[in-house]
Amino acid sequence: MEQIITRFPPSPTGYLHVGGARTAVFNWLYARHTKGKFILRIEDTDKVRSTKESVDAIFEALEWLGIDWDEGPFFQSKRLEIYQEYIQKLLDSGDAYYCTCSPEKIKVMRDKARSTGGKPRYDGTCRHLDLKKTDTAVVRFKAPFTGTTIIKDVIKGNILFQNNELDDFIIARSDGTPTYNFVVVVDDITMGINTVIRGDDHVMNTPKQILLYNALNAPLPTFGHVPMVLGKDRSRLSKRHGAMSVTVYRDMGYLPDALINYLVRLGWSFGDQEFFTRAELIEKFSLKNIGKSAGIFDQDKLLSINADHIKAAKPQNLAKNLVPFLEKKGFSIKEGPYLESVIKTLNTRSKTLEDMARGALFYFQDELSYEEKAVKKFLKPVALEPVRLLVDKLEQLPNFTEKKLEEAFKSVMEATGLKFGKIAQPVRVALTGSSVSPGIFEIIEVLNKEKVLQRLNAAIKIILDRSQG
RNA sequence: GGUCCCAUCGUCUAGUGGUUUAGGACGUCGGCCUCUCACGCCGGUAACCCGGGUUCAAAUCCCGGUGGGAUCACCA
């Protein structure tokens with residue numbers, strides 16, 4: 001069995017969006033699954049729209065996703081001589097010819113055809129003229145008038161095209177630069193790509209490309225066209241559907257493994273399994289179970305998958321991803337046992353790293369910020385006695401263990417006749433500033449004794465001040 | 001408009017002629033658990049686009065509608 005060689009060829013005209021990321025993931029996973037090769041190629045032949053910033057943005061996104069490549073990145077802008085050479089081959093073999101018809105003339109031709117219900121195509125005026133190169137001449141490929149071209153698509157099955165649907169398309173512009181369909185084919189041939197997995201917005205290009213492979217005497221790769229990702233309104237995903245760039249998901253606190261899991265599962269299935277680690281994906285992914293219909297990008301499900309990945313992740317791995325989010329909130333916390341113990345109290349209640357960072361703030365604040373509503377509701381005179389008693393009890397404890405803490409609370413309950421909840425809520429507000437937080441015992445264990453007592457005493461002061469004020 | 005693709009709960013999907021009162025997940029609704037919020041658990045809601053065939057039998061095969069998407073550049 002021949003080694004699988006796949007590729008991802010983004011054009012650097014913007015950020016890497018989730019649709020592009022998805023086809024990158026499919027190609028990457030398939031290469032990894034088959035122990036093949038994955039090649040990165042930057043399609044920057046459009047000098048006007050391609051930017052260095054976009055190239056960097058794509059690298060950044062790929063790196064965050066953890067998608068690595070075995071060869072490249074190749075830049076098409078640096079391969080112009082190769083394309084020249086192949087254009088000449090086609091010219092020499094008579095499969096291509098110079099055409100001097102002006103764009104205006106062709107536009108008229110097309111408009112007329114369209115208005116009379118005909119096919120808007122080039123009429124082949126220069127086909128047999130055997131024209132020489134001029135500075136306005138383009139090179140056209142001689143497409144067959146008859147016969148059929150068939151795409152053997154591993155995802156969609158066989159797709160048949162009548163060759164008379166095609167016209168003599170341009171493969172080199174008047175400035176000599178090659179056009180997309182030609183460049184792709186030459187690149188894929190010369191890079192040894194034998195498996196082309198791409199969005200199904202490319203199916204209409206494929207017959208042209210197949211004709212080019214044939215004219216160049218090159219073996220056809222395996223084609224697989226994956227259905228598009230649609231927005232909530234069933235139209236092609238675009239800016240108005242909200243977040244598009246994969247790095248935006250990074251900044252919102254999504255885990256790369258979660259995004260990958262979601263993107264792959266959107267359109268691919270493995271029985272009823274929903275959750276996949278990266279390793280599992282590599283092990284289980286195949287082209288066989290990719291669906292044929294387009295899928296709608298569902299933020300809710302992505303969020304849910306992200307929560308699952310946060311729950312499943314090791315605290316130490318989460319820690320390094322969490323640090324930037326804490327920094328963004330003004331806390332420079334280093335990774336380590338303390339951060340990990342903080343994370344353990346938050347991972348089942350955080351859907352994103354942003355959630356988690358927000359929930360973790362009270363652990364790090366020197367000056368606790370209190371929610372006004374929580375203070376009003378729970379730091380009332382009735383809470384004074386239990387909190388004071390608790391301070392007494394905790395002061396006597398040499399160290400905090402769940403068992404010791406339970407005993408301490410129990411004795412406060414007995415002494416005051418209050419139910420646990422009546423004591424826990426004021427304590428929670430005292431310790432976290434909020435009425436919502438991880439479990440009381442967890443918090444007390446993680447915060448050190450000094451901080452707990454300090455915050456409890458601060459709460460007592462607040463209660464006193466409020467009742468006097 | 002031409003060409004091409006697609007069609008199972010709101011969404012992602014399982015399903016490849018009988019095992020299906022169509023399964024799972026997200027969402028949603030209700031409940032349990034409970035120191036708050038979550039998590040977890042239990043339960044409910046909800047789909048085979050329509051019409052013809054083929055067959056003893058069709059979500060599954062065929063045809064036709066309808067609907068949605070893609071594409072028709074000296075852009076990629």
J.: To the nearest Å, how far apart are A:Ile170 CD1 and B:A76 P?
T.: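 Nearest whole value for this atom pair: 11 Å.
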J.: Within the 3.5 Å criterion, strictly below it, is a donor on A:Ser286 or A:Tyr30 matched to an acceptor on the partner's side chain?
T.: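 Absent: no donor and acceptor within the cut-off.
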J.: Using whole Å, report how far NZ of A:Lys288 lies from C1' of B:A14.
T.: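 My rounded result for the distance is 18 Å.
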J.: Using the side-chain heavy atoms of A:Asp46, tell me which of these nucleotides is nearest: B:A76, B:C35, B:C74.
T.: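 For A:Asp46, the side-chain atoms sit closest to B:A76.
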J.: Pick the C1' atom in B:C56 and in B:C41, then give their distance to the nearest Å.
T.: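 One C1' to the other, the span is 45 Å.
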J.: Mind checking if A:Ile296 touches a base, just sugar-phosphate, or nothing, with heavy atoms under 4.0 Å?
T.: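 If one applies the 4.0 Å heavy-atom cut-off, A:Ile296 turns out to touch the sugar-phosphate alone, with no base involved.
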J.: Please report the distance separating the P of B:C49 from the corresponding atom of B:G68, rounded so that it comes out in whole Å.
T.: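 That atom pair is separated by 16 Å.
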J.: Could you check how far NE2 of A:His225 sits from C1' of B:C5, rounded to whole Å?
T.: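 That distance rounds to 11 Å.
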J.: Can you tell me how far P of B:U13 sits from CD1 of A:Ile290, to the nearest Å?
T.: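 So the CD1-P distance, A:Ile290 to B:U13, works out to 11 Å.
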J.: For B:A59, which nucleotide in any strand shown is its Watson-Crick or wobble partner with both distances under 3.5 Å?
T.: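 Because no pair has both required distances under 3.5 Å, B:A59 counts as unpaired.
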J.: Taking a pair as Watson-Crick or G-U wobble with both distances under 3.5 Å, which nucleotide is matched to B:C72?
T.: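 Paired with B:G1.
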J.: Which letter, B, S or -, goes with each nucleotide of nucleotides 23-33 of chain B from 5' to 3', with contact meaning a protein heavy atom under 4.0 Å?
T.: BBBS-------
J.: Of all the nucleotides listed (B:A76, B:C74, B:U3), which has the minimum atom distance to the side chain of A:Glu165?
T.: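 Ranking B:A76, B:C74, B:U3 by closest atom to the A:Glu165 side chain puts B:U3 first.
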J.: Between A:Thr23 and A:Arg198, is there a side-chain donor-acceptor contact under 3.5 Å, judged purely by atom types and distance?
T.: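 No - no donor-acceptor pair under 3.5 Å links their side chains.
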J.: Just to verify, which of A:Tyr98, A:Tyr122, A:Phe169 counts as forming a ring pair (Phe, Tyr, Trp, His ring centres under 6.0 Å) with A:Phe141?
T.: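 Among A:Tyr98, A:Tyr122, A:Phe169, the one meeting ring pair (Phe, Tyr, Trp, His ring centres under 6.0 Å) with A:Phe141 is A:Phe169.
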J.: With both distances under 3.5 Å as the test, what is the Watson-Crick or G-U wobble partner of B:U54?
T.: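 Looking at the geometry, B:U54 pairs with no nucleotide.
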J.: Applying the ring pair (Phe, Tyr, Trp, His ring centres under 6.0 Å) criterion to A:Tyr262, which one of A:Phe297, A:Phe276, A:Phe275 satisfies it?
T.: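 For A:Tyr262, the ring pair (Phe, Tyr, Trp, His ring centres under 6.0 Å) check succeeds only for A:Phe297.
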J.: Identify whether any heavy atom of A:Gly439 sits under 4.0 Å from a base atom; if not, whether one sits that close to sugar-phosphate; answer base, sugar-phosphate or nothing.
T.: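 The residue A:Gly439 makes base contact.
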J.: Write down the distance between CZ (A:Phe362) and C1' (B:C37), rounded to a whole number of angstrom.
T.: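 After rounding, the gap between these two atoms is 12 Å.
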J.: For B:A7, give the paired nucleotide (Watson-Crick: N1-N3 plus N6-O4 or O6-N4; G-U: N1-O2 and O6-N3; both under 3.5 Å), or none.
T.: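 Checking every strand shown, B:A7 finds its partner in B:U66, with both distances under 3.5 Å.
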J.: Which whole number of Å gives the distance between the P atom of B:A58 and that of B:C50?
T.: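 The answer is 15 Å between these two P atoms.
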J.: Pairs in or reaching into residues 227-238 of chain A: which pass salt bridge (Lys or Arg N to Asp or Glu O under 4.0 Å), with residues at least two apart or in two chains?
T.: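 Qualifying pairs, neighbours excluded: A:Asp201-A:Arg236, A:Asp233-A:Arg240.
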J.: Using the closest heavy atom to pick a nucleotide of RNA chain B for each, name whichever of A:Tyr262 or A:Ser435 lands nearer the 5' end.
T.: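 Counting from the 5' end, the first nearest nucleotide belongs to A:Tyr262.
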J.: Verify the ring-centre separation between A:Trp69 and A:Phe74: is it less than 6.0 angstrom?
T.: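 No, the ring centres sit 6.0 Å or more apart.
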J.: At under 4.0 Å between heavy atoms, which parts of nucleotides 64-70 of chain B does protein reach? Answer with one letter per nucleotide, 5' to 3': B base, S sugar-phosphate only, - none.
T.: -----SS
J.: Say we look at B:C26 and B:U21: how far apart would their P atoms be, to the nearest angstrom?
T.: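 These two P atoms come out 25 Å apart once rounded.
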J.: Counting only distance, no hydrogens or angles, is the base of B:C74 paired donor-acceptor with the side chain of A:Thr179 under 3.5 Å?
T.: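 There is none.
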J.: If we count only N and O atoms by modelled type, under 3.5 Å, do the side chains of A:Glu371 and A:Ser434 hold a donor and an acceptor together?
T.: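 A:Glu371 vs A:Ser434: donor-acceptor pair found between side chains.
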J.: Could you say whether A:Asn205 or A:Asn158 is positioned toward the 5' end of RNA chain B, judged by the nucleotide with the nearest heavy atom to each?
T.: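 The residue closer to the strand's 5' end, by nearest nucleotide, is A:Asn158.
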J.: What do you reckon, are the aromatic ring centroids of A:Phe441 and A:Phe420 less than 6.0 Å apart?
T.: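 Ring centroids of A:Phe441 and A:Phe420 are less than 6.0 Å from each other.
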J.: Distance only, no hydrogens: is a donor on one side chain within 3.5 Å (strictly under) of an acceptor on the other, for A:Tyr249 and A:Gln299?
T.: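 A pair is found: one side chain offers a donor N or O, the other an acceptor, under 3.5 Å apart.
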J.: Choosing from B:U36, B:A76, B:C5, which nucleotide comes nearest the side chain of A:Arg428?
T.: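 Comparing B:U36, B:A76, B:C5 against the side chain of A:Arg428, the answer is B:U36.
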J.: Expressed in whole Å, how much space separates the C1' atoms belonging to B:A14 and B:A47?
T.: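 My reading of the C1' atoms in B:A14 and B:A47 gives 13 Å.
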J.: When you check the side-chain N and O atoms of A:Ser77 and A:Asp44, is any donor under 3.5 Å from an acceptor?
T.: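 Yes, A:Asp44 and A:Ser77 have a side-chain donor paired with an acceptor closer than 3.5 Å.
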J.: According to the Watson-Crick and G-U wobble definitions, with both distances under 3.5 Å, which nucleotide is paired to B:U19?
T.: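 No nucleotide pairs with B:U19.
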J.: When rounded to the nearest Å, what value does the distance between C1' atoms of B:A7 and B:G64 take?
T.: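 To the nearest whole Å, 15 Å.
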J.: Mind checking if A:Gly267 touches a base, just sugar-phosphate, or nothing, with heavy atoms under 4.0 Å?
T.: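 Sugar-phosphate, backbone atoms only, no base.
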J.: Using only side-chain N and O atoms of A:Lys292, determine if any of them is under 4.0 Å from OP1 or OP2 of B:C6.
T.: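 Checking A:Lys292 against B:C6: at least one side-chain N or O falls below 4.0 Å of OP1 or OP2.
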J.: Taking any strand in view, what nucleotide pairs with B:G40 in a Watson-Crick or G-U wobble way, both distances under 3.5 Å?
T.: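 B:C32 is the nucleotide pairing with B:G40.
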J.: Which nucleotide sits closest to the side chain of A:Arg349: B:C37, B:U36, B:U11?
T.: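 Closest nucleotide among those given: B:C37.
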J.: Do you know which of A:Lys451, A:Lys449, A:Arg455 makes side-chain contact (heavy atoms from CB on, under 4.5 Å) with A:Leu453?
T.: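 By the side-chain contact (heavy atoms from CB on, under 4.5 Å) criterion, A:Leu453 pairs with just one of A:Lys451, A:Lys449, A:Arg455: A:Lys449.
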J.: Across the strands shown, which category fits A:Pro9 at heavy-atom distances under 4.0 angstrom: base, sugar-phosphate, nothing?
T.: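 The residue A:Pro9 makes no contact with any strand.
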J.: Applying a 4.0 Å non-hydrogen cut-off, can you work out what A:Leu160 is touching in the nucleic acid: base, sugar-phosphate, or nothing?
T.: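 The residue A:Leu160 makes sugar-phosphate contact but no base contact.
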J.: May I have the distance from A:Leu346 (atom CG) to B:U36 (atom P), rounded to whole angstrom?
T.: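 Between P of B:U36 and CG of A:Leu346: 17 Å.
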J.: Could you tell me how far B:C37 sits from B:A46 if I compare only their P atoms? Round to whole Å.
T.: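 Looking at atom P only, B:A46 and B:C37 are 30 Å apart.
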J.: Between B:C61 and B:G23, how many Å separate the two C1' atoms, rounded to a whole number?
T.: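 23 Å, rounded to whole Å.
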J.: Side chains of A:Gln273 and A:Lys284: any donor to acceptor distance under 3.5 Å?
T.: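 The answer is yes; a qualifying pair exists.
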J.: Please check the phosphate of B:A14 (OP1 and OP2 only) for any side-chain N or O of A:Ser269 closer than 4.0 Å.
T.: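 Indeed, a polar side-chain atom of A:Ser269 lies that close.
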J.: Go through B:C4, B:A76, B:U13 for me and flag the one nearest to the A:Thr45 side chain.
T.: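 Among the listed nucleotides, the one closest to the side chain of A:Thr45 is B:A76.
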J.: Any donor-acceptor pair under 3.5 Å linking the side-chain atoms of A:Ser411 with those of A:Glu407?
T.: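 No, A:Ser411 and A:Glu407 have no side-chain donor paired with an acceptor closer than 3.5 Å.
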J.: Calculate the interatomic distance between A:Asn181 atom CG and B:U71 atom C1'; express it in whole Å.
T.: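 It works out to 12 Å between those atoms.
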J.: Name the nucleic acid region contacted by A:Lys422, choosing base, sugar-phosphate or nothing; use a 4.0 angstrom heavy-atom cut-off, strictly under.
T.: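 Answer is nothing: A:Lys422 stays at 4.0 Å or more from every strand.
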J.: Please report the distance, rounded to the nearest Å, between OH in A:Tyr83 and P in B:A76.
T.: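 The distance from OH of A:Tyr83 to P of B:A76 comes to 11 Å, rounded to the nearest Å.
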